[in-house]
Amino acid sequence: MSSSKCTALVVVSLGALAMGCGRSPAMPRTPTVMVRVDHPPSAVPCDCEDDDDDDDAAPRRRPPVEYVRLSEWQAPASAERAADEVTPRGPGTPSYLEFPSLTLHEPIPATTFGRSRRAAIR
């Protein structure tokens, strides 16, 4: 590309960027004009009480996830009913509740890239 094309491209890009950002904070805002609206004579003023009481009548939905401390957690009733239906297989603790002890694993070798595919696959 020639330097004039590059310069034109930079100018157009900066112009588009400046236009995309919106109004500058340094520009003065247009003043807000307050307008009074007269109601037609057929409009009846409402002598109602505060309608905010109706907001509490709507049932509040629980959030989809609730976080509690592990020490305060209690199993839901459905989980307790399911646990009551399970018959134990023996006097010991079920094996799926016993986690294996942690062991030190060998480190993963670094991936090397070269001409040989065998070195990269390792």
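Just so it is clear, the values below take in all heavy atoms, side chains as well, and ignore hydrogens, waters and symmetry mates.
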Near Q74 CD, under 6.0 Å, is it more than 12 heavy atoms from other residues, nucleotides or ligands?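 No.
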
Distance check, rounded to the nearest 0.5 Å: L9 atom CG versus K5 atom NZ?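 The distance works out to 11.0 Å.
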
Return the set of residues passing side chain to side chain contact (heavy atoms under 4.5 Å, CB included) with T87 (not counting sequence neighbours), or none when no residue passes.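 Residues passing side chain to side chain contact (heavy atoms under 4.5 Å, CB included) with T87: none at all.
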
